[in-house]
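Notes for the one structure printed next.
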Amino acid sequence: MLLAALTVGASSCRDEPEGTLKVMVIGGEPKLRDPAAGPLSVPDQVLLQNVAQGLVRFDAAGNIVSGLAERWTVSDDGLSYIFRLASADWSDGRKITARDVARLMKRELGSRSRNGLKDALGAVEDVVAMTDRVIEIRLLAPRPALLSLLAQPEMAILRNGRGTGPFTAARAPGGNLKLTREIVSPDEETTTRQEVLLGGADSAGAIKAFAGANIDVVLGGTFADLPLTKRVKLPRNTLRFDPASGLFGLVPTTSGGPLDKPEVRHLLSEALERDRFIAALDVPGLAARATLLEPGLDGLPAPSAPAWTATPYAERISELQARADRLFPKAPKPAIRVALPEGTGAGLLFQLLQRDWGRLGFTVERAKTAADADFALVDEVAPSSSPSWFLRYFHCGAVPVCSPEADRLMDAARQSPVPAQRYALLGQAAAQIDEAQLFLPITAPVRWSLVSDRIENFAGNRYARHTLTDLEAKPDNGG
């Protein structure tokens, strides 16, 4: 299902009824894709989470609310989640049953699936239909963050290429996609209709369309295209940032060679002047990070910053230079190839690496692909507050440079039924990864949106998920 880009001309704005929400997602045209086929682009995620809800879903503020399930309970031991499905129909009029949903969920988690959340849901032992409207998810060990994973678009329920709501999609005049849903009042006496026009574009086109007041919301912004928002005049308070949780930093991509040593990776990490890069991005509340884990994760205390962070950058650079000369006594030092995305923000990061690692005598080059690089950028939002997601990103089956000891600890944690023991093992695994410097952290992921002042109920959240339910558009003033 290929969607045309949202028309941004003023005439299309006037043709739409008052109250219609016009949304554009950075990254191209949204497509309705099966999550089992592989990772989803941001436009695909936005479309999927709005037309194909799972058992639960996010509301506009990122809270967990009912999806296909009208309510749920969790067993005292945390090993069983039981969901009661609301009465609903597939697009062909047939009733949605627990057997249908269980079969489709097991397909997403099966051996052939390439679903991006399959590993994060590795504790799911089985998905069972107990009655026509009751479904149980059985776990090998307690997972407090399960609901946030189930609310992600990767766990949307699709059947024969069609979703389960809350919106339905249809082609609108002019080639746009129109999402609609009926909202029934609590007393079931009145029904209102919410309409959304959805499309996609590159970052420059989306920002220009918003600045011209032709669309109401732009979603999907990252650090790479953030500087483009400074090049146009935007209305005040329309640039919104999510307090996103996750990973933003460099991961080694080449095993062997002169750079594949923990002491070299520690040197390169300590040489990064993170605060200067963060100041250039100018994101409120964004802070430097020097550890794999971040504060606020389930079951673990806030990580302790390495001792070297207490020394101002200007005071430690001479020691770093001397250490670099000891590690590489013969000139010239090896070139460092880095894989980065396109975009002006990525250019700022590349300049940071050239300047900071250049001070140590290294030449920094931009690699065309991760396969050609020594380091690649990781810029990922965490789908839950579990520390396991952060750690398993560096599992030996996922990255070329890893720690077998950290893997052993992660695998033991996954099997542990005792939460305190599990978190202790995860903390030890994190220490192993930090000690080997398998990740060079820089800061948190940057996710931004543009939101018109005619839009109500938009809110940032740690998952950077923005479903279009509950958003309200004030009446147009003629486009």
Side-chain angles (χ1 to χ4, degrees), residues 223-224 226-227 230 241 244 246-252 258-295 302-341 343-367 373-379 430-431 433-446:
F223 90 104
L226 177 60
K230 310 294 184 182
F241 293 97
L247 297 171
F248 185 91
L250 299 168
V251 58
L259 299 173
D260 185 21
K261 299 175 183 177
E263 57 268 32
V264 174
R265 293 191 290 267
H266 276 283
L267 171 73
L268 296 177
S269 181
E270 293 177 38
L272 295 177
E273 193 174 7
R274 294 164 172 84
D275 289 337
R276 187 167 181 174
F277 174 65
I278 291 169
L281 291 179
D282 192 25
V283 177
L286 194 64
R289 188 175 297 168
T291 57
L292 168 62
L293 299 182
E294 64 184 30
S304 299
W308 57 263
T309 60
T311 303
Y313 185 83
E315 296 178 18
R316 68 173 187 264
I317 188 63
S318 59
E319 189 276 331
L320 294 173
Q321 290 168 339
R323 200 194 316 171
D325 290 339
R326 289 195 300 271
L327 288 170
F328 299 94
K330 295 182 180 180
K333 292 183 176 66
I336 304 175
R337 300 162 298 172
V338 183
L340 299 172
T344 52
L348 290 175
L349 178 56
F350 184 61
Q351 291 173 14
L352 166 83
L353 300 176
Q354 283 186 310
R355 181 184 64 246
D356 293 349
W357 290 349
R359 289 169 175 161
L360 306 183
F362 295 99
T363 300
V364 182
E365 302 171 353
R366 199 158 181 170
D374 299 301
F375 294 91
L377 181 71
V378 173
D379 181 11
I433 293 173
D434 281 339
E435 183 178 349
Q437 200 72 72
L438 299 179
F439 181 57
L440 280 61
I442 297 175
T443 184
V446 172

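Remember, it's a predicted structure, so these values are computed and weren't measured experimentally.
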What I'd like to find out is whether the side chain of [X] reaches to under 4.5 Å of the side chain of [Y], using heavy atoms alone.
X	Y	result
Leu226	Thr344	no
Leu259	Arg265	no
Phe375	Leu268	yes
Leu348	Phe223	no
Glu294	Leu247	no

Can any side-chain N or O of [X] pair as donor or acceptor with the backbone N or O of [Y] at less than 3.5 Å?
X	Y	answer
Tyr313	Glu270	no
Gln437	Glu263	no
Asp374	Arg337	yes
Thr443	Ala287	yes
His266	Glu435	yes
Asp434	Leu292	yes

Sort and list the pairs that fulfil salt bridge (Lys or Arg N to Asp or Glu O under 4.0 Å) and have at least one residue in residues 348-360, not counting sequence neighbours. Glu273-Arg359, Asp356-Arg359

Which heavy atom of [X] sits nearest to which heavy atom of [Y], and what is that distance?
X	Y	answer
Phe362	Pro334	CD2-O, 3.4 Å
Pro341	Ala346	O-CB, 3.1 Å
Pro258	Val264	O-CG2, 3.9 Å
Ala367	Ala373	CB-CB, 3.6 Å

In Å and rounded to the nearest 0.5 Å, what is the [atom1] to [atom2] distance from [X] to [Y]?
X	Y	atom1	atom2	answer
Asp275	Ile442	CG	CD1	12.0 Å
Phe350	Arg366	CZ	CZ	6.5 Å
Trp357	Leu267	CH2	CG	9.5 Å

If we count only N and O atoms by modelled type, under 3.5 Å, do the side chains of Ser269 and Arg274 hold a donor and an acceptor together? yes

Please say which of Leu349, Leu377, Leu250 ends up in a side chain to side chain contact (heavy atoms under 4.5 Å, CB included) with Val338. Leu250

Using the ring of each side chain (for Trp, its six-membered ring), is Phe277 parallel, tilted or perpendicular to Phe248, with breaks at 30° and 60°? parallel

Applying side chain to side chain donor-acceptor pair (under 3.5 Å) between Glu319 and each of Gln321, Arg316, Arg323, report the one that passes. Arg323

